[in-house]
Amino acid sequence: MTLADLQPKIFQEFHQILQRGRLSHAYLFSGNFGSYEMAIFLAQSQFCENLQDNLPCGQCRECHLIAERDFSDVKVIEPQGNVIKTDTIRELLRDFTRSGFEGQSQVFIIRDADKMHINAANSLLKFIEEPQSSSYMILLTSDESRVLPTIKSRCQIFRFPKNQEYLKNLLEQNGLLKAKASLIAAVADDGASALALTEMTKFDDLCRSLEKFIAGLDKDSDQSFLQVTRLASLATDKAEQDLAFKLLLVMLGRTQQPRWVTKVYQARQMWLSNVSFQNVLEYMVLE
């Protein structure tokens with residue numbers, strides 16, 4: 001499925017922007033469904049040697065190199081571990097002072113921009129406030145609420161809604177049963193992450209443990225408390241723990257338990273503040 005199919009409205013908006021030559025110097029893309037693909041597409045539009053109706057061809061040398069992240073004037077920054085360090089952003093900003101190698105433009109894409117250290121985020125403000133005429137910054141985030149307000153106020157924001165039905169159909173075409181396909185489609189950010197979850201060996205065990213955890217919340221708190229240890233042994237890293245919270249919210253939403261949905265949101269906020277995964281779940285049950 002093409003970018004125009006994934007996000008038709010946003011694609012059309014950027015088509016008009018490119019036709020008018022009105023690309024802004026700083027964007028914030030909120031949501032993962034097609035946002036990275038759009039960032040790469042916009043980068044290609046600045047270097048493509050075979051533009052078609054102001055859109056990149058996707059086939060020329062420049063387009064291929066950019067898609068493969070091997071083009072000197074397009075840089076993609078990602079977190080190291082769970083943070084984008086200040087030194088990484090400062091090095092990036094030094095590149096703004098240099099001319100492009102392949103042309104006059106430079107494009108900088110920062111994935112998971114909400115994971116920038118506070119000092120790193122503040123370092124970006126100077127560029128966003130005083131951009132060079134040929135440099136572009138595209139910030140991507142799945143959690144807009146965690147991006148500094150000062151950065152958001154200086155960027156043009158585009159929100160990328162998830163096409164859950166597309167993900168569900170994609171998964172069913174890959175042989176998944178409807179129930180599992182629906183659950184993965186509800187928690188996955190995009191097609192790649194949805195397909196990755198189908199290959200996650202502990203996914204089914206995690207779901208079963210979460211079901212037992214939920215079953216005991218109102219009826220048998222001891223059962224839920226016992227499941228916390230099991231959940232902690234299954235979800236051992238940040239990505240798996242974040243998935244567990246997403247699954248909890250979806251499952252509780254389907255069982256119409258708004259009180260517990262609120263508690264899970266509160267527990268996740270504590271977890272984001274570096275309280276351990278096991279501790280926040282125990283606190284939620286004991287409370």
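Being a predicted model, the structure only gives us computed values, none of them experimental.
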Under 3.5 Å: donor-acceptor pair, side chain of S224, backbone of L217: yes
Less than 4.5 Å apart, any side-chain heavy atom of D204 and any of K180? yes
H25 side chain to S135 main-chain N or O, any donor-acceptor pair under 3.5 Å? yes
Above 12 or not: heavy atoms from other molecules or residues under 6.0 Å from OH of Y283? no
same_hphob_cluster(I118, I151) at 4.5 Å side-chain heavy-atom cutoff: yes
Would you indicate whether the side-chain heavy atoms of K152 and I157 approach each other to under 4.5 Å? yes
Might you work through the side chain to side chain contact (heavy atoms under 4.5 Å, CB included) test for F33 and I10, ending with a clear yes or no? CA-CA 11 Å; F33 199 80; I10 295 175; over 6 Å; no
Indicate the atoms forming the closest heavy-atom contact of I128 with A26, along with that distance. CG2-CB, 4.0 Å
With the threshold set at 4.0 Å, does a side-chain nitrogen-carboxylate oxygen contact exist between E78 and R69? yes
Any carboxylate oxygen within less than 4.0 angstrom of a Lys/Arg side-chain nitrogen, looking at R268 and D242? yes
Check the pair I110 / I89 against side chain to side chain contact (heavy atoms under 4.5 Å, CB included), numbers first and verdict last. CA-CA 9 Å; I110 302 180; I89 296 301; 4.0 Å; yes
On a heavy-atom basis, which atom in Q52 and which in C57 lie closest, and how many Å separate them? NE2-CB, 3.8 Å
Looking only at heavy atoms, what is the nearest atom pair of Y27 and R22, with distance? OH-O, 4.3 Å
Check this for me: does any side-chain nitrogen of one of R61 and E49 sit under 4.0 Å from a carboxylate oxygen of the other? no
At their closest point, which heavy atom of P79 faces which heavy atom of I84, and how far apart are they? CA-CG1, 3.6 Å
Between A194 and I184, the two heavy atoms sitting closest are O-CG2, 3.7 Å
Might you work through the side chain to side chain contact (heavy atoms under 4.5 Å, CB included) test for Y36 and V76, ending with a clear yes or no? CA-CA 10 Å; Y36 175 70; V76 180; 4.2 Å; yes
Between the side chain of T198 and the main-chain N/O of L195, is any donor-acceptor distance below 3.5 Å? yes
For L3 and G34, work out which heavy atoms get closest and say how close. CD1-O, 3.7 Å
Side-chain contact, heavy-atom cut-off 4.5 Å: Q19 with D53? yes
Can you tell me how far CG of N174 sits from CG of N169, rounded to the nearest 0.5 angstrom? 11.5 Å
Pair Q278-T229, side chain to side chain contact (heavy atoms under 4.5 Å, CB included): steps then yes or no: CA-CA 7 Å; Q278 182 166 345; T229 302; 3.9 Å; yes
Out of curiosity, does V83 fall in the hydrophobic cluster containing L139 (side-chain heavy atoms, cut-off under 4.5 Å, transitive links)? no
With a 4.5 Å limit on heavy-atom distance, are the side chains of M251 and L183 in contact? yes
Is it true that atom NZ of K85 has more than 12 heavy atoms of other residues, nucleotides or ligands lying nearer than 6.0 Å? no
Q156 CD to I17 CD1 distance, which is reported to the nearest 0.5 Å: 6.5 Å
Assigning hydrophobic clusters by single linkage (Ile, Leu, Val, Met, Phe, Trp, Tyr; side-chain heavy-atom cutoff under 4.5 Å), is L248 placed with M200? yes
Gap between atom CG of L93 and atom OG1 of T86 - 0.5 Å precision: 10.5 Å
So, S182 side chain and A179 main chain: donor-acceptor pair closer than 3.5 Å or not? no
Quick one: does any side-chain atom of D237 pair with a main-chain N or O of A239 as donor and acceptor, under 3.5 Å? yes
In this structure, CG of D205 is separated from CG of L231 (nearest 0.5 Å) by 11.0 Å
Counting C-beta onward and ignoring hydrogens, is there a side-chain heavy-atom pair between F158 and E13 closer than 4.5 Å? yes
Do L177 and L167 share a hydrophobic cluster, counting only Ile, Leu, Val, Met, Phe, Trp and Tyr and linking them when any side-chain heavy atoms are less than 4.5 Å apart? no
From CD (Q46) to CG (L18), nearest 0.5 Å: 7.0 Å
Considering only heavy atoms from C-beta outward, does the side chain of E144 approach that of R159 to under 4.5 Å? yes
Does one hydrophobic cluster hold both V187 and Y265, with members joined at side-chain heavy-atom distances below 4.5 Å? yes
Please work out whether the ring planes of F245 and F277 are parallel, tilted or perpendicular, with thresholds of 30° and 60°. perpendicular
From CA spacing to verdict: side-chain hydrogen bond (donor to acceptor under 3.5 Å, both in side chains), T141, D143: CA-CA 5 Å; T141 180; D143 191 349; 5.9 Å; no
Tested for ring-ring contact (aromatic ring centres under 6.0 Å, His included) against F14, the lone hit among F29, F160, F41 is F29
Given side chains that start at C-beta, do those of R230 and S233 come closer than 4.5 Å, heavy atoms only? yes
Given side chains that start at C-beta, do those of L148 and L125 come closer than 4.5 Å, heavy atoms only? no
What is the distance from atom OH of Y166 to atom CG of D5, rounded to the nearest 0.5 Å? 8.5 Å
K212, NZ atom: more than 12 neighbouring heavy atoms under 6.0 Å: no
Side-chain (K178) to main-chain (K168) donor-acceptor, under 3.5 angstrom: no
Sub-3.5 Å donor-acceptor pair from the side chain of K263 to the main-chain atoms of V285, do we have one? no
